Q: 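If you scroll down you'll find the structure; I have some questions about it.
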Amino acid sequence: MLRTSSLRSVLTPTAAARIVLGWVAFLALTLAEPVLGGHLSTFVLFAVLAAIVAVIIVCAFGVVTEAEHLARRLGDPYGTLVLTLSIVLIEAILISAVMLGPGDHATVARDSVMAATMIVLTLVVGAALLIGGLRHSDLRVNPTGISAYLSMLVVLVAVAFAFPAVIGTDGAYTRGQEVPILVLTVVLYGFFLYRQTGAQSADFQEVTGTEPGDPTDGSEQSGIGAVLREHRAEIVARIMVLLVTVVPIVLLSHDMATFLDDGLDRLGAPLALSGVLIALIVFLPEGITTVRAAWTGETQRVSNLAHGALVSCVGLTLPVVLAIGLLTDQTVILAESPANLLLLGVSLLLSLTTFSARRVTAIHGAAHLFVFILYGISVFS
């Protein structure tokens, strides 16, 4: 009875409608593939694209709703970690599916993760800090948690995009280099998750008047176990609803790549813009949740969502694509161009200076957005 009532309270008519809409749209797109695979008029092409984007946006709000309920119930960093891992895992699976499919996809992982990195570090964080800074005068983050995220990002981004250009061959790690890089990345990311959800979980909670982890700060290190036991049925139900809502978002984003490439080609836009737009849509639920957290003044949750998503994205995708490259004897090109490496360096340095401040402001957000515009200019150059 408890499980049935919990499911009914979670699977509301609105939530069910979003799920049905997403999966019906994906099924319709799959069934219509023979027809849509032919030459379409420009009007029909962009009408299909507009319909796909509309469905994705509707479903994205459902993901945001479930993520916010989970975050409130579980507390940080556990609640935001559910949303982050669900999106990033599906993204990693999609990249893997492309690599295992026909054709040459040596740069698909690099292009996808590069776009996600710039979008999260500059657009998502910038928009969140700008909106949050204009609404709140005292936005503070947990310095130890932010430092942990940025430390991970400095290492992971360097290993993913810069190091292969220095020690690799033609922008790719050699077979002898891939194994230790893969193992070390898995170990580092696993250790990060172990500490984040264990002994250092207080470092990723909102700043209060006392030191994180202090017995008087209102947080309980063992509280997550009690919450899971008491609300297990609701938590499981919300995680399932979140997953079945987010999967069609990513699948639709992946399927529309062909239409998007065709549309950009007709407009004369650079094909690199396709990867950026798909990454924008895939991380739309994460972005919306991040901005809403900033709107309510939850600055640490902004970091948990944005930086946590990026750490998981690079930490999961890099070993997966290297493993696929080893098993299928594919070359995985990871090294970025000098221009993109410069943008990555500026973005990481800006993040370090922004979140080392006593409080973050709208000015910090504007600076991050400016770097995203520079990235946009580089895509069209």
Side-chain angles (χ1 to χ4, degrees), residues 76-78 80-81 84-85 88 92 113-114 116-122 124-126 128-129 139-167 180-207 211-213 221 283 286 290 293 298-320 322 334 336 340-360 364-365 367-368 371:
D76 278 330
Y78 312 101
T80 53
L81 193 59
T84 294
L85 289 179
V88 172
V113 177
M114 172 66 192
T117 301
M118 292 304 300
I119 287 168
V120 171
L121 282 182
T122 58
V124 174
V125 171
L129 295 186
L139 294 176
R140 299 173 185 270
V141 293
N142 195 318
T144 307
I146 291 290
S147 178
Y149 280 133
L150 295 180
S151 296
M152 289 288 296
L153 287 175
V154 167
V155 174
L156 292 174
V157 167
V159 169
F161 300 120
F163 209 42
V166 178
I167 68 168
I181 292 295
L182 188 159
V183 172
L184 288 171
T185 303
V186 170
V187 170
L188 178 62
Y189 180 66
F191 182 70
F192 171 79
L193 284 185
Y194 170 72
R195 296 292 296 182
Q196 184 190 27
T197 58
Q200 291 184 234
S201 62
D203 294 335
F204 302 90
Q205 296 172 0
E206 293 294 333
V207 174
E211 290 296 320
Q221 294 298 317
F283 281 90
E286 193 97 24
T290 304
E298 297 172 285
T299 323
Q300 183 58 42
R301 189 159 179 248
V302 168
S303 177
N304 290 343
L305 287 162
H307 299 131
L310 200 49
V311 168
S312 297
C313 181
V314 185
L316 287 173
T317 305
L318 180 59
V320 167
L322 289 178
L334 293 170
E336 268 294 357
N340 281 343
L341 287 176
L342 175 62
L343 284 167
L344 285 169
V346 170
S347 300
L348 287 171
L349 179 60
L350 179 60
S351 298
L352 288 168
T353 56
T354 294
F355 292 102
S356 63
R358 190 176 64 86
R359 59 189 180 90
V360 292
H364 293 110
H368 282 261
V371 176

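Predicted, not measured: the structure shown is a model, and the values here were computed from it.
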Q: Work out which heavy atom in Thr299 is nearest to a heavy atom in Arg140; give both atom names and the distance.
A: CB-O, 3.2 Å
Q: Taking all non-hydrogen atoms of both residues, which atom of Ala309 and which atom of Thr84 are closest, and how far apart?
A: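 Smallest heavy-atom distance, with atoms named: CA-CG2, 3.2 Å.
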Q: Compare all side-chain heavy atoms of Leu344 with those of Phe161 and state whether any distance is below 4.5 angstrom.
A: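 Leu344 vs Phe161: side chains touch.
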Q: Write down the atom of Ala148, the atom of Phe204, and the distance for their closest heavy-atom approach.
A: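 Minimum heavy-atom separation between Ala148 and Phe204: CB-CZ, 4.0 Å.
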Q: Would you say Ser147's side chain and Pro143's backbone share a donor-acceptor pair under 3.5 angstrom?
A: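 No; zero donor-acceptor contacts below 3.5 Å.
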Q: Do side-chain atoms of Thr317 reach the backbone of Val314 as a donor and acceptor pair under 3.5 angstrom?
A: no
Q: Testing the basics here: between Gln205 and Gln300, what is the closest heavy-atom pair and its distance to 0.1 Å?
A: O-CG, 3.5 Å
Q: If you round to the nearest 0.5 Å, how far is OG1 of Thr185 from CG of Leu322?
A: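 The CG atom of Leu322 sits 7.0 Å away from the OG1 atom of Thr185.
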Q: If you define the side chain from C-beta out and look only at heavy atoms, does anything of Val125 sit under 4.5 Å from His364?
A: no
Q: Testing the basics here: between Pro319 and Val186, what is the closest heavy-atom pair and its distance to 0.1 Å?
A: CB-CG2, 3.6 Å
Q: Let me confirm one number: the CG-OG distance from Asn142 to Ser303, rounded to the nearest 0.5 Å.
A: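 Asn142 atom CG to Ser303 atom OG measures 9.0 Å (nearest 0.5 Å).
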Q: Quick one: does His368's side chain get under 4.5 Å of Thr354's, heavy atoms only?
A: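 Yes. Closest side-chain heavy atoms under 4.5 Å.
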Q: For side chain to side chain contact (heavy atoms under 4.5 Å, CB included), just list the numbers for Thr290 and Phe283, CA-CA rounded to whole Å, side-chain angles, deciding distance to a tenth of an Å, and then say yes or no.
A: CA-CA 10 Å; Thr290 304; Phe283 281 90; over 6 Å; no
Q: OG1/Thr353 to CG/Leu350 distance, rounded to the nearest 0.5 angstrom?
A: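 Interatomic distance, Thr353 OG1 to Leu350 CG, rounded to 0.5 Å: 4.5 Å.
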Q: So how far is it from Glu298 CD to Leu305 CG, rounded to the nearest 0.5 Å?
A: 9.0 Å
Q: For residues Leu85 and Leu316, determine if any side-chain heavy atom of one lies less than 4.5 Å from a side-chain heavy atom of the other.
A: yes
Q: Could you please spell out the steps behind the side chain to side chain contact (heavy atoms under 4.5 Å, CB included) verdict for Leu81 and Gln196?
A: CA-CA 10 Å; Leu81 193 59; Gln196 184 190 27; 3.9 Å; yes
Q: So how far is it from Leu121 CG to Leu310 CG, rounded to the nearest 0.5 Å?
A: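 One gets 5.0 Å once the value is rounded to the nearest 0.5 Å.
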Q: Could you walk me through whether Phe192 and Val311 pass the side chain to side chain contact (heavy atoms under 4.5 Å, CB included) test, one step at a time?
A: CA-CA 9 Å; Phe192 171 79; Val311 168; 4.0 Å; yes
Q: When rounded to the nearest 0.5 angstrom, what distance separates CG in Asn340 from CE in Met118?
A: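 Result: 7.5 Å between the selected atoms.
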Q: Which heavy atom in Leu334 sits nearest to a heavy atom in Ala160, and how many Å separate them?
A: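 What the structure gives for the nearest pair is CB-O, 3.1 Å.
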Q: Quick one: do Tyr149 and Val141 satisfy side chain to side chain contact (heavy atoms under 4.5 Å, CB included)? Show the steps, please.
A: CA-CA 12 Å; Tyr149 280 133; Val141 293; over 6 Å; no
